[in-house]
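Lettering of chains follows the sequences in order, A, B, ..., and the numbering in each one begins at 1. Note that these values count all heavy atoms, side chains included, but never hydrogens, waters or copies made by symmetry.
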Protein chains: 2
Amino acid sequence: MEEKFKLENQLCFRLYTASRLITQAYHPLLGEHGLTYPQYLVLLVLWEKDAQPVNDIAKRLVLETNTVTPLLKRMEAEGIVTRSKGKEDARQMIVRLTKKGHDLQKKLTDVPETVGNAVICKSVTPETVPGLFGMLDDIIKQLKQ
Amino acid sequence: MEEKFKLENQLCFRLYTASRLITQAYHPLLGEHGLTYPQYLVLLVLWEKDAQPVNDIAKRLVLETNTVTPLLKRMEAEGIVTRSKGKEDARQMIVRLTKKGHDLQKKLTDVPETVGNAVICKSVTPETVPGLFGMLDDIIKQLKQ
DNA sequence: TATATTTGCATCGTGAACGATATAAATAAC
DNA sequence: GTTATTTATATCGTTCACGATGCAAATATA
């Protein structure tokens, strides 16, 4: 009755805490450029492939449109992206990088390495990261069913 | 310039997604009893040791009091906990389980195993979980500096 | 013992997450 | 070709997270 309820035995609590703490590590680096972490994720998606509908971005980030839409509106207000109705399908909103959004990639060039270095520790090294990635990917795949 | 910005190379995105998806797995089980996942975490802390000040709960969950206070107030409104000024230190708010809060433990007895089973997959098994825990604990310890 | 500092908690504002619901456009069924 | 259904996105309400700030009690310092 006791052991299973111990915080120390909870996978979710560890993921939740680790996720929040890494996001906090991003905060000063991104905040300098007026970005939040979820907004940075949107940029990662658009830097890989510009001009995507809301749904493709949401799917990629494993989020719902009711989370992504307000986020994109804030980014539009900041002049980082534009949102415009799709030509062939008028239901779609196509999201495109502005010059400002595109140029942010150069300004944020050091972010991945900086955060990566902050996370390096005893059991998390370039050698062990692939194993960790594999387990997390399995969990994600499993829960997306 | 490209590779480091790929979503597939981001540890944080994996943690963020895995965390959200497991929390979603808890949702129907906890929602049945009017609980959210962070509220469940508070219960885990109080079931281990009742009558703790806000600060101890917050520290245990690696959260700030400005997150925990409103959360506890909602739990108080639900009749799950009580909050009362500390006797020896009047600044402290001591949080105690009500009978309802205490009894929830029995009602939620199947939750850990149900969620645990939902997460079991190829690379995440009772054998590999300790290794995963170790890496996450290291990351958390590292980032808490 | 006054004053300064620290500590514990709360308030406020903003930005996610997300379930539930709504709306319009596209597609399927009849 | 209507009607029904699905699809893409948006709106709404609630609950976190969290930085910034405020306040009162406790402690340290002068």
Side-chain angles (χ1 to χ4, degrees), chain A residues 12-13 15-28 30-32 34-42 52-78 80 83-95 143, chain B residues 12-13 15-28 30-32 34-42 52-78 80 83-95 143:
Chain A
C12 187
F13 175 61
L15 291 171
Y16 161 78
T17 304
S19 169
R20 285 190 308 102
L21 291 178
I22 300 195
T23 300
Q24 285 175 29
Y26 276 100
H27 192 266
L30 299 177
E32 198 176 330
L35 290 171
T36 64
Y37 180 69
Q39 290 173 10
Y40 173 67
L41 291 181
V42 169
Q52 295 193 53
V54 172
N55 207 27
D56 288 17
I57 297 171
K59 283 233 170 63
R60 196 77 201 290
L61 299 180
V62 199
L63 289 168
E64 302 297 321
T65 61
N66 55 4
T67 298
V68 174
T69 293
L71 207 159
L72 290 171
K73 282 186 163 185
R74 284 186 284 269
M75 293 178 77
E76 186 183 33
E78 295 291 328
I80 299 170
R83 304 183 318 127
S84 51
K85 277 229 177 90
K87 290 277 163 60
E88 79 250 22
D89 189 335
R91 292 171 304 179
Q92 293 185 332
M93 278 297 256
I94 309 297
V95 182
L143 293 173
Chain B
C12 188
F13 175 61
L15 292 170
Y16 162 78
T17 303
S19 170
R20 284 191 309 102
L21 291 178
I22 301 196
T23 301
Q24 285 174 27
Y26 277 101
H27 192 267
L30 299 178
E32 198 176 331
L35 290 171
T36 64
Y37 180 70
Q39 289 173 9
Y40 173 68
L41 291 181
V42 169
Q52 295 193 52
V54 172
N55 208 28
D56 289 17
I57 298 171
K59 283 233 169 66
R60 195 77 201 289
L61 299 180
V62 199
L63 290 168
E64 301 297 320
T65 63
N66 56 4
T67 297
V68 173
T69 292
L71 207 159
L72 290 171
K73 282 186 163 186
R74 284 185 285 268
M75 294 178 78
E76 186 183 34
E78 296 290 329
I80 300 170
R83 305 183 317 126
S84 52
K85 276 227 178 91
K87 291 275 164 61
E88 79 250 22
D89 188 333
R91 291 171 305 180
Q92 292 186 332
M93 276 300 253
I94 309 296
V95 183
L143 293 172

Send over the distance from [X] [atom1] to [N] [atom2], rounded to a whole Å.
| X | N | atom1 | atom2 | answer |
| --- | --- | --- | --- | --- |
| B:L30 | C:dA17 | CG | P | 19 Å |
| B:Q92 | C:dA10 | CD | P | 11 Å |
| B:L71 | C:dA10 | CG | C1' | 14 Å |
| B:I57 | C:dA10 | CD1 | C1' | 15 Å |
| A:L41 | C:dA16 | CG | C1' | 12 Å |

State whether [X] places a side-chain N or O below 4.0 Å from either non-bridging phosphate oxygen (OP1 or OP2) of [N].
| X | N | value |
| --- | --- | --- |
| A:T67 | C:dC18 | no |
| B:Q24 | C:dC18 | yes |
| B:T69 | C:dA10 | yes |

Q: Please figure out whether B:N55 or A:E88 has its closest DNA chain C nucleotide nearer the 5' end.
A: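 The residue closer to the strand's 5' end, by nearest nucleotide, is B:N55.
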Q: Please tell me which of A:Y37 and A:K87 maps to the more 5' nucleotide of DNA chain C, matching each residue to the nucleotide holding its nearest heavy atom.
A: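 Taking each residue's closest nucleotide, the earlier one in sequence belongs to A:Y37.
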Q: Provide the start and end nucleotides, 5' to 3', of the part of DNA chain D that has atoms under 4.0 Å from heavy atoms of chain A.
A: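 Boundary nucleotides touching chain A, in 5' to 3' order, are D:dT7 to D:dG19.
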Q) Tell me, which pairs form a salt bridge (Lys or Arg N to Asp or Glu O under 4.0 Å) where one or both residues lie in residues 59-72 of chain B, sequence neighbours left out? A) A:E8-B:R60, B:E48-B:R60
Q) Does any pair with a residue in residues 68-78 of chain A pass salt bridge (Lys or Arg N to Asp or Glu O under 4.0 Å), and if so which ones, sequence neighbours excluded? A)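 Listed by first then second residue: A:E76-A:R83.
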Q | A:R20 or B:E78, whichever maps to the more 5' nucleotide of DNA chain D | A |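 Checking each residue's closest nucleotide, the 5'-ward one belongs to B:E78.
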Q) If you find the nucleotide of DNA chain D closest to A:M93 and the one closest to B:E64, which residue's nucleotide is nearer the 5' end? A)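 Upstream on the strand: A:M93.
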By the 4.0 Å heavy-atom rule, please label [X] as base, sugar-phosphate, or nothing.
| X | answer |
| --- | --- |
| A:T65 | base |
| B:P53 | sugar-phosphate |
| B:K73 | sugar-phosphate |

**Q.** Heavy-atom side-chain proximity of A:N55 to A:Q92 below 4.5 angstrom
**A.**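 A side-chain contact under 4.5 Å is absent here.
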Q.
Tell me every residue that passes salt bridge (Lys or Arg N to Asp or Glu O under 4.0 Å) with A:R20, counting only those two or more places apart in sequence or in another chain.
A. none
Q: Mind checking salt bridge (Lys or Arg N to Asp or Glu O under 4.0 Å) for B:D56 and listing every partner two or more places apart, or none if nothing turns up?
A: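 Per chain and number, B:D56 pairs via salt bridge (Lys or Arg N to Asp or Glu O under 4.0 Å) with no residue.
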Q.
For the CD1 atom of A:I22 and the OG1 atom of A:T17, what is their distance to the nearest 0.5 Å?
A. 11.5 Å
Q. If you round to the nearest 0.5 Å, how far is OH of B:Y16 from OG1 of A:T23?
A.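 These two atoms lie 8.0 Å from each other.
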(Q) The criterion is side chain to side chain contact (heavy atoms under 4.5 Å, CB included); which residues satisfy it with B:K85, sequence neighbours excluded? (A) B:A90, B:M93
Listing time: all N or O pairs from protein to nucleotides 20-25 of chain C that are below 3.5 Å?
residue	atom	partner	partner atom	Å
C:dA20	N6	A:N66	ND2	3.0

Q: Output all residues satisfying ring-ring contact (aromatic ring centres under 6.0 Å, His included) with B:Y26, sequence neighbours left out; order by chain, then residue number.
A: B:Y37, B:Y40
Q. Sequence neighbours excluded, which residues qualify as side-chain hydrogen bond (donor to acceptor under 3.5 Å, both in side chains) partners of B:T67?
A.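 Not a single residue meets the side-chain hydrogen bond (donor to acceptor under 3.5 Å, both in side chains) criterion with B:T67.
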